[in-house]
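As structure tokens, the structure follows; a few thoughts come after it.
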Amino acid sequence: QKEVEQNSGPLSVPEGAIASLNCTYSDRVSQSFFWYRQYSGKSPELIMSIYSNGDKEDGRFTAQLNKASQYVSLLIRDSQPSDSATYLCAVVKNFGNEKLTFGTGTRLTIIP
Amino acid sequence: GAVVSQHPSWVICKSGTSVKIECRSLDFQATTMFWYRQFPKQSLMLMATSNEGSKATYEQGVEKDKFLINHASLTLSTLTVTSAHPEDSSFYICSARGVVGGVRNTIYFGEGSWLTVV
């Protein structure tokens, strides 16, 4: 079982719709969760971080964390063509050891 | 946001030579830096963790004598790929951890360095 699992996609969403990206993790002691966006040939860019159960909203992005289900998601509202990228879920197991473990990423395409 | 700079952005080298990649945190002190490698259409794989002033900790399967990491100051870490071979061709990315904008342990990525070994 992979430590961080994501559906590789591709996920196609019409412009203006909500894109929903999902991620599960295997280690229950995981403490910190991150979503990164990576354009082709570029370095990852931090989109959201979430540390406690529930929702966290930042502009068009909402991260959702459910530690009991070991599940974290990212919702993108009013999807734009510029949101087309690979979205990487990353997990840190414990404070003081900030090694990020990445999922394989989900490729998102927003259709104009 | 915080800036982590990598240099060079891309490099082509001959097989058997060594290549050095620099990673700098420009506006914060990075107590820890991480080096990743990413092959096409794959996720980032952590190679090693380096703390300022101490030896790097390498992930399983990463040859420490081949991938030399130096973290001489709180703003600079270097990765040297020694005796490079074509299979070392990849996208190398560093990230830095520090206190940014009052938020502890934020991690930011450099722009990445494309290495092609011919």
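If you're wondering where the values come from, they're calculated on a predicted model, not measured in any experiment. Labels below follow one simple rule: chain letters A, B, ... track the order of the sequence lines, proteins then strands, and each chain is numbered from 1.
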Honestly, the part of B/Glu59 sitting under 4.5 Å from a heavy atom of chain A is side chain

Ranking A/Pro44, A/Gly105, A/Ser40 by heavy-atom pairs under 4.5 Å to chain B gives rank one to A/Pro44

Would a distance-only check, ignoring hydrogens and angles, find a side-chain to backbone donor-acceptor pair under 3.5 Å from A/Arg60 to A/Asp78?
yes

When the 4.5 angstrom heavy-atom criterion is applied to A/Gln38 and chain B, the contacting part is side chain

I'd like to know if B/Arg24 and B/Glu22 make a salt bridge, using a cut-off of under 4.0 Å between side-chain N and carboxylate O. yes

| message | Using 30° and 60° as the class boundaries, would you call the ring planes of B/Phe67 and B/Tyr92 parallel, tilted or perpendicular? | response | tilted

Applying a strict 4.5 Å limit to non-hydrogen atoms, the region of B/Thr49 in contact with chain A is side chain

For this session: For A/Lys42, look at atom NZ and say whether over 12 heavy atoms of other residues, nucleotides or ligands are found less than 6.0 Å away.
Result: no

The interface call for B/Leu44 against chain A, heavy-atom contacts under 4.5 Å, is both

- request: For the residue pair B/Trp114 and B/Phe91, categorise the inter-ring angle as parallel (less than 30°), tilted (30 to 60°) or perpendicular (more than 60°).
  value: parallel

